[in-house]
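Just below is one structure, and these are the notes that go with it.
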2 protein chains.
Amino acid sequence: MNRPPRKPINSRFLRTLVGYNARRASLQIMGVFIQRMAPLDLRPVDFSVLCLIGHNPGITSREICRELHLLAPNLVRLLARLDQRALVRRQAHPEDGRAVGLSLSEGGQALLAQAECEVAALEVDVTADLSDAERAQLIALLQRVYR
Amino acid sequence: MNRPPRKPINSRFLRTLVGYNARRASLQIMGVFIQRMAPLDLRPVDFSVLCLIGHNPGITSREICRELHLLAPNLVRLLARLDQRALVRRQAHPEDGRAVGLSLSEGGQALLAQAECEVAALEVDVTADLSDAERAQLIALLQRVYR
DNA sequence: TATTGTTATACTCTATAACTATA
DNA sequence: TATAGTTATAGAGTATAACAATA
């Protein structure tokens, strides 16, 4: 009946680390993302790729990999799944015969629009304790770490 | 000879997301962590566990799992490795016969001290573009996301 | 009956080498 | 010779179910 008395754990050193806190926050948000986006069948990385293709019609696999720090072999299956769901189109690249230009089908565009809407909403929810200014500042600080 | 002209990619939507930026920053820092801590043979999660044991002698597996959001089966191998390296000691828990109290050996304490020093240094390096105040603010904002 | 620690295991994610076709 | 895309695959990380010992 009684909850076991939780001993307070000393995690002071870990809490002073940007790396530790960034990872914990990232995992927290990704967990919410996976749950909320399950109806659309989109993992975080699927969404990121769909988003890049949608806003950069004709983009190549290589460019996606460079932008998202993905490895080319791991993008193949992901794109195959999006292709199988008829969300993306592949067309011959106009200048480079080796490359393939990617763009969204109409269904892909519709799904992206819906996904962006849902992602924007869950972002607000998961950062509910932050004001708009604080949220913007958090993003700016994070970008100065990884850019 | 000429670098291929890099087309600017539109990733504006992704960049507005705390989740995307937190993940990118986290991966960036973890990459540096893994490289710099390789001489000590400590991954981020190894360090976190070592740190908790060091600052909480007698802590149990269950408490570590709860504090770090780890799953118990995945902690078994990790602790076995630390044990094999003679970094941790296991003693019977004074109150609960099922549990095992964990603490650091002298070697474990020495390694932790060295590791904390190195981690503090790499944290400063990886956030070199941030002032102390900005770094503290970044941490405070991140904690308000996941706590 | 519930909890700690454990084993076994499946699934996913990440990384590397090597191939093809084009440049 | 170098690059885009692909295949196959190995290794690491993450997840669930089930068990023994203890509460």
Side-chain angles (χ1 to χ4, degrees), chain A residues 1-7 23-24 26-28 30-31 33-35 38 41-49 53 58-84 88-102, chain B residues 1-7 23-24 26-28 30-31 33-35 37-38 41-49 53 58-84 88 90-102:
Chain A
M1 209 59 74
N2 283 331
R3 299 267 79 192
R6 255 185 226 189
K7 219 187 304 174
R23 175 157 171 80
R24 290 297 300 271
S26 168
L27 290 175
Q28 168 75 19
M30 295 230 302
F33 189 111
I34 289 167
Q35 285 191 325
D41 195 17
L42 290 176
R43 299 165 301 163
V45 67
D46 298 319
F47 173 76
S48 293
V49 169
I53 298 174
I59 194 172
T60 67
S61 291
R62 185 75 188 88
E63 290 170 322
I64 294 173
C65 285
R66 187 148 44 209
E67 184 65 29
L68 298 179
H69 274 66
L70 302 179
L71 293 173
N74 298 331
L75 187 57
V76 174
R77 278 191 190 176
L78 193 159
L79 283 177
R81 279 192 292 264
L82 296 182
D83 200 352
Q84 202 170 2
V88 304
R89 292 212 184 94
R90 308 177 193 239
Q91 62 239 52
H93 194 282
E95 302 166 15
D96 190 334
R98 297 165 301 180
V100 178
L102 298 162
Chain B
M1 209 59 72
N2 283 332
R3 299 269 78 192
R6 254 183 227 191
K7 219 186 303 175
R23 175 158 171 79
R24 289 298 300 271
S26 169
L27 290 175
Q28 166 77 19
M30 294 230 302
F33 189 110
I34 289 167
Q35 285 191 326
M37 299 294 280
D41 195 18
L42 290 175
R43 299 166 300 163
V45 66
D46 298 318
F47 173 75
S48 293
V49 169
I53 298 174
I59 194 172
T60 67
S61 290
R62 184 74 189 88
E63 289 170 323
I64 294 173
C65 286
R66 188 149 44 210
E67 184 64 29
L68 298 179
H69 275 67
L70 302 178
L71 293 174
N74 299 330
L75 187 57
V76 174
R77 278 190 189 176
L78 193 160
L79 284 177
R81 279 191 292 263
L82 296 182
D83 201 352
Q84 203 171 1
V88 303
R90 307 176 193 239
Q91 62 239 51
H93 194 281
E95 301 166 15
D96 189 333
R98 298 166 301 181
V100 178
L102 298 162

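In what follows, every chain begins at residue 1, and chains take the letters A, B, ... in the order their sequences are listed. Heavy-atom basis, side chains included; hydrogens, waters and symmetry copies ignored.
Atom NE2 in B:H69 sits about 15 Å away from atom C1' in D:dA15, given to the nearest Å. In this structure, the CE atom of B:M30 is 12 Å from the C1' atom of D:dA12, given to the nearest Å. Rounded to an integer number of Å, the gap from CG of A:L79 to P of D:dT6 is 7 Å. The CG-C1' distance, from B:L78 to C:dT6, rounds to 15 Å in whole Å. If you measure from atom CZ of B:R90 to atom C1' of C:dT6, you get 10 Å, rounded to the nearest angstrom. Between A:H93 atom NE2 and D:dT3 atom P there is a gap of 16 Å when expressed in whole angstrom units. Taking atom CG of residue B:L71 and atom P of nucleotide C:dA10, one finds them 18 Å apart after rounding to whole Å. With rounding to whole Å, A:R66 atom CZ is found 10 Å from D:dT3 atom P.
Using a 4.0 Å heavy-atom cutoff across all strands shown, B:V45 reaches no nucleic acid atom at all. Among the protein residues, A:A72 comes within range of the nucleic acid bases, having at least one heavy atom under 4.0 Å from a base atom. Here B:R81 lies out of heavy-atom contact (under 4.0 Å) with every strand.
Where A:G97 and A:N74 meet DNA chain C, the nucleotide closest to each residue was compared, and A:N74 sits on the side nearer the 5' end. Nearer the 5' end of DNA chain C, as judged by each residue's closest nucleotide, is the contact made by A:P73, out of A:P73 and A:E95. Along DNA chain D, the nucleotide closest to A:R23 and the one closest to A:L75 are compared, and the more 5′ of them pairs with A:L75.
Taking only side-chain atoms of A:V76, from C-beta outward, the nucleotide of C:dT22, D:dT7, C:dT4 with the closest atom is D:dT7. For A:R43, the side-chain atoms get nearest to C:dC13 when compared with the rest of C:dC13, D:dG5, D:dA15. Listed candidates were C:dG5, C:dA23, C:dT14. Nearest to the side chain of A:D96 is C:dA23. Among D:dT16, D:dT9, C:dT14, the nucleotide with an atom closest to any side-chain atom of A:R77 is D:dT9.
You won't find any donor-acceptor pair under 3.5 Å spanning the side chain of B:R62 and the base of C:dT4, going by distance alone.
B:R98 contributes atom CZ, which lies 10.0 Å from atom OG1 of B:T60 (distance to the nearest 0.5 angstrom).
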Could you walk me through whether B:H69 and A:R24 satisfy the side-chain hydrogen bond (donor to acceptor under 3.5 Å, both in side chains) test, starting with their C-alpha distance in whole Å, then the side-chain angles of each, then the deciding distance to 0.1 Å, before giving a yes or no? CA-CA 9 Å; B:H69 275 67; A:R24 290 297 300 271; 3.0 Å; yes

side-chain contact (heavy atoms from CB on, under 4.5 Å) between B:L79 and B:S61, intermediate numbers included: CA-CA 9 Å; B:L79 284 177; B:S61 290; 3.4 Å; yes

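The side-chain contact (heavy atoms from CB on, under 4.5 Å) test with A:S26 singles out one residue from A:Q28, A:R23, A:M30, and that residue is A:M30.
For the pair A:I59/A:E67, no side-chain contact is recorded, criterion being any heavy-atom separation below 4.5 Å from C-beta on.
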